[in-house]
Amino acid sequence: MAHMGNGMTAQQFDIVVIGAGHAGCEAALAAARMGLETLLLTLNLDSIGLMPCNPAIGGTGKGHLVREIDAMGGEMGLAADDTLIQMRMLNTGKGPAVHSLRAQMDKRRYHERMKRTLEECQRLTILQDEAERFLTEGGRISGVVTAQGFVFPCRAAVMASGVYLKSRILIGDYARNSGPAGLSRAEGLSEGLMALGIPLQRFKTGTPARVDGRSLDYGEMERQDGDVPMPAFSFLNGTLKREQTPCYLTYTNEATHRIILDNLHRSPMYSGKIHATGTRYCPSIEDKIVRFADKDRHQIFIEPEGRTTHEMYVQGLSTSLPADVQADMLHTMAGLRNCRVMRLGYAIEYDCIDPTALDLHLMVRDVPGLFLAGQVNGSSGYEEAAAQGFYAGVNAALHVRGEEPFFLGRDEAYLGVLVDDLSTKGTPEPYRMMTSRCEYRLLLRQDNADARLTEKARRLGLVSAARYDRLMQKQEAVQGALRALERGVPMTDALAACLAEHGEPLPKPGARLFDLLKRPCMSYTALSALVDGLAPLADEVREQVDILARYDGYIEKQREQVRRQKRMEMLALPPDIDYAGITGLRLEARQKLAKQRPQTLGQASRISGVSPADVSVLLIHLKRMGLGE
């Protein structure tokens with residue numbers, strides 16, 4: 001125990017995790033499950049796993065992250081499956097690369113489920129207290145000091161403080177120093193970060209009003225039901241069987257837009273009260289009306305916050321307009337004309353770091369042992385936070401054990417894209433994961449996250465034998481099916497008739513059954529009904545076989561792109577390279593490279609301000625040093 005002058009004592013931990021939002025929960029669980037004595041500090045035990053904004057998990061790109069967390073033994077997917085009230089697969093009209101799961105959550109039950117998981121985790125201690133500053137020894141993290149006077153010596157820390165750093169709530173002219181949902185904010189950690197030389201920036205995000213579901217006219221809105229059969233986030237769960245709760249769709253209209261435009265000067269975003277940077281990808285309704293002036297309406301989804309409350313979330317109407325304006329604009333929309341507001345929408349601005357201070361393992365480059373994860377890194381969203389939390393918790397544990405860090409590249413996971421984007425490019429606004437950010441998205445589908453990542457995560461001790469065995473059985477079934485499809489096409493009358501019906505030509509001599517699956521009209525299920533000897537497959541196996549056949553050529557092209565990029569990633573840049581002395585590099589490139597110290601030529605190529613010409617100069621320089629190809 002570490003003793004202090006005031007008579008209080010504090011236990012020594014291997015790792016201290018600061019914040020118990022989605023990033024902190026995953027970080028603490030990963031570290032403790034890897035055998036490290038872990039302390040989780042939270043401002044409020046009742047806000048563990050809180051969803052202060054939308055009561056949903058997943059979405060385009062974000063659902064990929066949840067599947068990846070699950071594939072590596074994280075908790076978000078399992079907790080979501082246990083507590084969701086509706087599930088839908090988005091983008092099913094497009095290719096499998098952009099299919100994404102999105103679940104409507106019972107937010108109170110999710111909190112309770114996650115809190116109980118933390119409480120029951122061995123080697124994990126939870127304390128309600130505010131982290132105030134860091135202790136260092138020889139430039140390395142050595143402890144965390146709390147507002148209540150505890151000093152916790154540690155060998156690594158994961159800071160996952162979300163949007164709580166000197167946060168401020170704004171609604172019209174009203175402003176209050178507060179965290180989200182009326183919770184306390186973190187007062188001292190901003191100075192603690194600056195004292196360590198970590199640069200800060202100020203971001204802004206927002207949330208819509210909540211309304212009383214009993215005051216809505218559902219007959220005026222379009223009902224939105226979940227998918228049946230009901231898919232699951234976790235690869236361990238297959239499909240779910242549960243009663244689902246509907247959501248509803250309505251729209252803004254000319255009257256809504258007129259009220260907003262007439263009161264735009266009363267919005268803190270337009271009156272000058274907010275100087276922080278907001279996100280382009282989840283704009284307030286004020287921003288939507290101004291930026292998309294040609295649109296005469298915008299979609300608004302009415303989403304339940306849980307099974308035991310009448311609160312409904314007005315998705316798509318994020319705002320910081322005054323109370324009277326919020327009520328007036330809500331009352332203009334079908335289904336909401338007599339709605340009662342239960343909670344007002346608000347904007348929240350907060351401190352976060354410039355994530356280019358981090359390395360590719362989410363550790364501060366100049367402060368060994370200090371890892372950061374989640375919205376404090378400039379990202380937005382529960383899923384982005386949870387993924388970073390898992391990654392930071394794992395790497396903090398490996399750092400304490402003196403082992404090589406866990407690394408995922410852009411070609412291996414959406415999580416790899418997320419971390420690389422933040423630490424290499426930085427972000428001038430709250431960063432949101434999207435499928436368009438991933439250049440290898442046909443390889444990194446949500447349906448194959450287990451095949452991509454479960455094996456990689458085995459050495460972490462987070463993948464159970466049962467999970468690994470299940471993956472091996474699935475992979476063996478896929479390979480067996482592919483081998484069966486290698487035989488030639490046995491032309492039958494039934495097969496010929498099916499092809500003719502769809503206007504497809506007969507296969508050429510020597511064609512394989514696998515080649516037939518590439519045709520738009522064909523699937524494994526249809527083919528097995530037309531050809532003898534093809535065994536029935538489990539749904540998850542059949543899905544993989546159909547995708548691998550249908551997109552075979554495209555997948556191979558992306559694999560070749562990966563091979564070319566890896567050649568650049570393998571070219572390591574010496575840590576002591578003098579960029580100022582490299583003739584031919586532009587001044588901006590010299591400054592950016594010297595500041596961020598990329599580890600490879602590939603990483604250097606993705607830094608904002610480093611041009612392809614600069615990369616060519618670097619390559620020539622490496623060859624002169626005897627380091628290039």
Side-chain angles (χ1 to χ4, degrees), residues 64 67-68 70-73 77 89 95-97 99 101 229 231-240 411-413 440-459 463-492 494-496 498-499 504 507-560 562-563:
H64 290 68
R67 276 278 175 93
E68 291 182 351
D70 177 74
M72 294 184 290
M89 183 73 79
H99 292 179
L101 285 172
F233 278 120
S234 178
F235 289 96
L236 295 177
N237 285 337
T239 56
L240 304 172
D411 61 309
E412 296 174 302
Y440 308 122
R441 54 185 172 272
L442 192 52
L443 301 180
L444 308 184
R445 307 180 309 275
Q446 55 89 31
D447 60 82
N448 71 354
D450 56 342
R452 291 185 279 114
L453 299 173
T454 297
E455 176 74 35
K456 293 180 183 295
R458 277 192 82 196
R459 78 175 178 94
V463 175
S464 68
R467 178 185 281 272
Y468 184 70
D469 289 345
R470 180 167 178 159
L471 171 64
M472 291 299 98
Q473 291 168 11
K474 175 183 172 181
Q475 295 294 79
E476 288 170 10
V478 170
Q479 292 305 313
L482 293 176
R483 286 193 296 271
L485 290 166
E486 282 298 309
R487 64 188 173 98
V489 177
M491 185 50 61
T492 64
L495 179 56
C498 177
L499 294 174
E504 292 278 351
K508 294 180 179 179
R512 304 166 299 163
L513 290 172
F514 184 79
D515 297 320
L516 275 184
L517 276 189
K518 298 180 180 182
R519 301 193 181 192
C521 67
M522 196 59 67
S523 67
Y524 184 90
T525 300
L527 188 60
S528 62
L530 297 167
V531 174
D532 291 335
L534 292 181
L537 301 176
D539 288 345
E540 61 180 2
V541 175
R542 176 187 46 74
E543 178 185 42
Q544 293 303 300
V545 171
D546 280 338
I547 291 172
L548 290 173
R550 182 70 52 83
Y551 297 95
D552 180 48
Y554 299 102
I555 289 173
E556 184 50 42
K557 284 181 181 178
Q558 289 218 332
R559 285 178 177 151
E560 177 55 34
V562 169
R563 288 190 284 269

*Asks:* Return the minimal non-hydrogen interatomic distance between N237 and A232, and the atom names on each side.
*Replies:*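 Minimum heavy-atom contact is CB-CB, 3.7 Å.
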*Asks:* Indicate the atoms forming the closest heavy-atom contact of L527 with L513, along with that distance.
*Replies:* CD2-O, 3.9 Å
*Asks:* Yes or no on salt bridge (charged side-chain N to carboxylate O under 4.0 Å, His left out) for R563 and E560, after CA distance, side-chain angles and deciding distance?
*Replies:* CA-CA 5 Å; R563 288 190 284 269; E560 177 55 34; 3.0 Å; yes
*Asks:* Find out whether R470 and S464 are in side-chain contact, i.e. whether some heavy atom of one side chain is under 4.5 Å from a heavy atom of the other.
*Replies:*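 R470 does not reach S464 side chain to side chain.
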*Asks:* Tell me, with the steps shown, if L485 and L534 meet side chain to side chain contact (heavy atoms under 4.5 Å, CB included).
*Replies:* CA-CA 8 Å; L485 290 166; L534 292 181; 4.1 Å; yes
*Asks:* What residues, two or more places apart in sequence or in another chain, satisfy side chain to side chain donor-acceptor pair (under 3.5 Å) together with R512?
*Replies:* E486, D515
*Asks:* Nearest 0.5 Å, what's the CD1-CD1 distance between I555 and I547?
*Replies:*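 Reported value, rounded in 0.5 Å steps: 8.0 Å.
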*Asks:* If I take atom CZ from residue F514 and atom CG from residue L482, how far apart are they, to the nearest 0.5 angstrom?
*Replies:* 6.0 Å
*Asks:* Going by side chain to side chain donor-acceptor pair (under 3.5 Å), name the residues that satisfy it together with R483, two or more places apart in sequence or in a different chain.
*Replies:* none
*Asks:* Can you measure from CG (L530) to CG (L495) and round to the nearest 0.5 angstrom?
*Replies:* 5.5 Å
*Asks:* Considering only NZ, NE, NH1 and NH2 on the basic side and carboxylate oxygens on the acidic side, decide whether K518 and E504 come within less than 4.0 Å.
*Replies:* no
*Asks:* Please identify each residue that fulfils side-chain contact (heavy atoms from CB on, under 4.5 Å) with A449, with sequence neighbours left out.
*Replies:*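 With neighbours one apart ignored, the set is R67, E68, A71, F235, R452.
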*Asks:* Is the shortest heavy-atom distance from the side chain of R559 to the side chain of Y440 under 4.5 Å?
*Replies:*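 When only atoms from C-beta onward are counted, Y440 and R559 do not touch, as no gap falls below 4.5 Å.
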*Asks:* N448 side chain to Q544 main-chain N or O, any donor-acceptor pair under 3.5 Å?
*Replies:* no
*Asks:* Might you point out which heavy atoms bring L240 and P231 nearest each other, and give the distance in Å?
*Replies:*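 Scanning both residues, the minimum pair turns out to be CD1-O, 3.9 Å.
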*Asks:* Look up atom CD in E556 and atom CG in L443, then write down how far apart they are to the nearest 0.5 Å.
*Replies:*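 Going from CD on E556 over to CG on L443, the span is 9.5 Å.
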*Asks:* Scan residues 522-540 for pairs that pass salt bridge (Lys or Arg N to Asp or Glu O under 4.0 Å), counting only residues two or more places apart or in two chains.
*Replies:* D539-R542
*Asks:* Where is the tightest heavy-atom contact between L516 and M522, given as atom of each residue plus distance?
*Replies:* O-CB, 3.4 Å
*Asks:* What distance do Q446 atom CD and F233 atom CZ have between them, rounded to the nearest 0.5 Å?
*Replies:*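 Here the interatomic distance stands at 9.0 Å.
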*Asks:* Please report, to 0.1 Å, the donor-acceptor pairs under 3.5 Å made by any side chain of residues 472-479, with sequence neighbours excluded.
*Replies:*
unit_1 : atom_1 : unit_2 : atom_2 : d
K474   : NZ     : D450   : OD1    : 3.3
K474   : NZ     : D450   : OD2    : 2.9

*Asks:* Which value, rounded to the nearest 0.5 Å, describes the distance between L499 atom CG and M491 atom CE?
*Replies:*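 It is 6.0 Å, given to the nearest 0.5 Å.
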*Asks:* Taking H99 for its side chain and R445 for its backbone only, find out whether a donor-acceptor pair lies under 3.5 Å.
*Replies:* no
*Asks:* Looking only at heavy atoms, which two atoms of A549 and L517 are closest? And how far apart?
*Replies:*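 Looking at all heavy atoms of both residues, the shortest contact is CB-CB, 3.4 Å.
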*Asks:* Please identify each residue that fulfils side chain to side chain donor-acceptor pair (under 3.5 Å) with R467, with sequence neighbours left out.
*Replies:*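 Expected list: D70.
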*Asks:* For Y551 and L442, work out which heavy atoms get closest and say how close.
*Replies:*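 Looking at all heavy atoms of both residues, the shortest contact is CB-CD2, 4.1 Å.
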